[in-house]
**Student:** 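For reference, the structure I am asking about is given below.
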Amino acid sequence: MEPIIYWFREGDGPHSDPVATNDPNRRQKPEARGRFRLVGDPSINDCSLSIKEARLSDSGIYYFRVERGPNVKYNYRDKKLNLQVTAEKPDIQFLEPLESGHPTKLTCSLSLPCDERHPLLFSWAGDTLDEMDPGTLHSSELTLTPRPQDHGTNLTCLVTLQGAQVTLERTVRLNVSYAPQLVITRLSQESFTDLNGTSLPILEGQFLRLVCVADSNPPATLSWLWEGKALSPSQRSAPGVLEIPRVGVRDGGEVTCRAQNLLGSQQVSFSLSVQKGPPPCSCETEEQQGSWPLVLTLIRGALMGAGFLLTYGLTWTYYTRCGGH
């Protein structure tokens with residue numbers, strides 16, 4: 001007796017309509033008719049299943065059942081088929097580039113075959129939506145007012161096919177243009193102290209290295225000014241760096257870093273206060289050199305006194321011993 005084969009969808013019992021069977025007395029699931037069929041030979045234990053024109057709604061888990069006579073009835077639940085039907089991802093359309101502070105409409109759409117008639121549920125997700133009304137995030141259209149901090153973040157559109165238990169998604173990385181927002185000047189690359197609005201004291205003759213950084217998109221052009229007059233950058237490849245090998249008194253004054261791109265500009269300033277250093281070390285050396293003659297005079301006088309005493313002593317000894325003779 002040839003076995004009877006049934007293919008069921010997970011969750012359907014043996015009395016439900018199968019998606020495919022060789023039992024002529026059983027009705028096939030309407031959505032599977034003409035597309036799901038057995039292609040193997042059950043007499044040689046071949047229970048192969050063929051699916052054509054697969055739909056997203058076909059995604060799911062399937063198992064097969066074998067019946068042979070009144071006594072053999074077995075469900076092969078340990079040999080399940082996990083079917084995943086893929087489709088084109090949703091498409092997100094909007095006018096680029098995004099500009100900070102300017103509302104922009106984004107549209108999410110999904111193209112499906114004509115036989116895939118499922119209600120679509122749209123939703124949006126991303127860090128840029130944290131401050132938006134959640135009620136506006138369940139539509140195919142989204143009005144977004146980007147901020148500078150949204151640059152480089154991800155925005156995702158999710159489309160759920162109701163009844164098919166399938167969700168498709170598309171993610172885009174936001175490219176937000178914005179004017180310079182933060183300009184910082186500091187003494188060097190390693191320093192984290194912002195000089196904006198401060199007074200920087202420095203000794204005359206010292207080496208000074210200033211670094212200016214700005215947060216903007218597209219990157220801003222950086223320039224330096226002293227008392228309102230433009231300065232040439234120390235390195236053309238690094239216009240944000242200004243170096244003064246030996247600071248002079250005339251270098252004191254207001255120093256400004258300006259950042260500018262197509263969307264705007266911003267500048268910060270601080271005061272450079274040049275202070276005179278201590279007298280050069282050469283003065284102390286001259287004083288030390290000027291004391292040497294006095295030392296030599298004292299030594300010479302001491303030697304002359306010692307010679308006089310020695311001569312006097314020898315003369316006295318001579319006359320004392322030899323005078324009586």
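Since the structure is predicted, the reported quantities are computational estimates derived from the model, not experimental observations.
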**Student:** Does either side chain, that of Thr160 or that of Thr167, offer a donor lying less than 3.5 Å from an acceptor on the other one?
**Tutor:** yes

**Student:** Just how far is it from atom CG of Asp251 to atom OG of Ser273, taken to the nearest 0.5 Å?
**Tutor:** 12.0 Å

**Student:** Decide yes or no for Glu99 and Leu263: does some side-chain heavy atom of the first lie under 4.5 Å from some side-chain heavy atom of the second?
**Tutor:** yes

**Student:** So if you build clusters from Ile, Leu, Val, Met, Phe, Trp, Tyr with side-chain heavy-atom gaps below 4.5 Å, do Leu137 and Val172 land together?
**Tutor:** yes

**Student:** Taking all non-hydrogen atoms of both residues, which atom of Thr185 and which atom of Trp224 are closest, and how far apart?
**Tutor:** CG2-CH2, 4.0 Å

**Student:** As a test of understanding, state which of Asp12, Asn82, Leu81 forms a side-chain contact (heavy atoms from CB on, under 4.5 Å) with Tyr62.
**Tutor:** Leu81

**Student:** Could Lys276 and Glu204 be called an ion pair, given the rule that one side-chain N must be under 4.0 Å from one carboxylate O?
**Tutor:** yes

**Student:** Considering only heavy atoms from C-beta outward, does the side chain of Val247 approach that of Phe207 to under 4.5 Å?
**Tutor:** no

**Student:** Working to the nearest 0.5 Å, report the span between CG of Asp127 and CG of Asn154.
**Tutor:** 8.0 Å

**Student:** Quick test of your reading: applying salt bridge (Lys or Arg N to Asp or Glu O under 4.0 Å), list the pairs with at least one residue in residues 13-27, sequence neighbours left out, ordered by first then second residue.
**Tutor:** Asp17-Arg27

**Student:** How far apart are the C-alpha atoms of Asp91 and Ser109, what are their side-chain angles, what is the distance that settles it, and do they pass the side-chain contact (heavy atoms from CB on, under 4.5 Å) test?
**Tutor:** CA-CA 5 Å; Asp91 186 26; Ser109 59; 3.9 Å; yes

**Student:** Do the side chains of Trp226 and Leu200 join up, straight or via other hydrophobic residues, at under 4.5 Å, putting them in one cluster?
**Tutor:** yes

**Student:** Could you tell me which non-hydrogen atom of Ser100 sits nearest to which non-hydrogen atom of Val176, and how far apart they are?
**Tutor:** N-CG1, 3.9 Å

**Student:** Flag the pair Thr128 / Pro146 as yes when at least one side-chain heavy-atom distance between them is below 4.5 Å, and no otherwise.
**Tutor:** no

**Student:** Please tell me whether Tyr63 and Tyr76 form a close aromatic pair, meaning their ring centres lie under 6.0 Å apart.
**Tutor:** no

**Student:** Less than 4.5 Å apart, any side-chain heavy atom of Asn196 and any of Ile184?
**Tutor:** no

**Student:** What's the verdict on side-chain contact (heavy atoms from CB on, under 4.5 Å) for Gln149 and His151, showing C-alpha distance, side-chain angles and the deciding distance?
**Tutor:** CA-CA 5 Å; Gln149 59 265 37; His151 175 64; over 6 Å; no

**Student:** Please answer: with hydrophobic residues joined when any side-chain heavy atoms are less than 4.5 Å apart, are Leu49 and Phe64 in the same cluster?
**Tutor:** yes

**Student:** Please list all pairs passing the salt bridge (Lys or Arg N to Asp or Glu O under 4.0 Å) test where one or both residues lie in residues 143-161, with sequence neighbours left out.
**Tutor:** Glu131-Arg147, Arg147-Asp150

**Student:** Are Arg55 and Arg35 close enough, and set up right, to give a side-chain contact (heavy atoms from CB on, under 4.5 Å), and what steps lead you there?
**Tutor:** CA-CA 10 Å; Arg55 304 172 183 175; Arg35 300 189 303 113; 3.6 Å; yes

**Student:** I'd like to check Leu210 versus Val255 (side-chain heavy atoms, cut-off strictly below 4.5 Å). Are they in contact?
**Tutor:** yes

**Student:** For the side chain of Arg173 and the backbone of Gly152, is there at least one donor-acceptor N/O pair under 3.5 Å apart?
**Tutor:** yes

**Student:** Judged by modelled atom types alone, do Asp215 and Tyr178 share a side-chain donor-acceptor pair under 3.5 Å?
**Tutor:** yes

**Student:** Check whether any side-chain heavy atom of Glu254 sits under 4.5 Å from a side-chain heavy atom of Ser271, and report yes or no.
**Tutor:** no

**Student:** Would a distance-only check, ignoring hydrogens and angles, find a side-chain to backbone donor-acceptor pair under 3.5 Å from Asn22 to Pro3?
**Tutor:** yes

**Student:** Please report the interatomic distance OG(Ser216) to CG(Leu222), rounded to the nearest 0.5 Å.
**Tutor:** 7.5 Å

**Student:** So which atom in Phe36 and which in Val19 form the shortest heavy-atom distance, rounded to 0.1 Å?
**Tutor:** CB-O, 3.2 Å

**Student:** Would you check if Thr143 and Thr104 make a side-chain contact, meaning some heavy-atom pair closer than 4.5 Å?
**Tutor:** no

**Student:** Apply side-chain contact (heavy atoms from CB on, under 4.5 Å) to residues Arg246 and Gln206 and explain how you reach the verdict.
**Tutor:** CA-CA 5 Å; Arg246 290 179 60 86; Gln206 283 191 337; over 6 Å; no

**Student:** Heavy atoms only: give me the nearest Thr21-Ile5 pair and the separation to one decimal.
**Tutor:** OG1-O, 2.8 Å

**Student:** Examine Val85 and Leu110 and state if one hydrophobic cluster contains both, with Ile, Leu, Val, Met, Phe, Trp and Tyr joined whenever side-chain heavy atoms are less than 4.5 Å apart.
**Tutor:** yes

**Student:** Could you report the tightest heavy-atom contact between Glu169 and Thr156, atom names first, then the distance?
**Tutor:** CB-CG2, 4.0 Å

**Student:** Rounded to the nearest 0.5 Å, how far apart are CG of Leu272 and CG of Leu208?
**Tutor:** 6.0 Å

**Student:** To the nearest 0.5 angstrom, please state how far the CD atom of Gln266 sits from the CD atom of Gln181.
**Tutor:** 7.0 Å

**Student:** Do you know the tightest heavy-atom contact between Pro219 and Asn261?
**Tutor:** O-CB, 4.2 Å

**Student:** When you check the gap from the basic side-chain N to the acidic O, do Glu31 and Arg33 get nearer than 4.0 Å?
**Tutor:** no

**Student:** Could you state the interatomic distance from SG (Cys47) to CG (Asp41), rounded to the nearest 0.5 Å?
**Tutor:** 9.5 Å

**Student:** Determine, using the 4.5 Å side-chain heavy-atom cutoff (strictly less than), whether Val183 and Val241 are members of one ILVMFWY cluster.
**Tutor:** no

**Student:** With the side chain counted from C-beta on, respond yes when Leu144 and Met132 share a heavy-atom pair under 4.5 Å apart, and no when they do not.
**Tutor:** yes

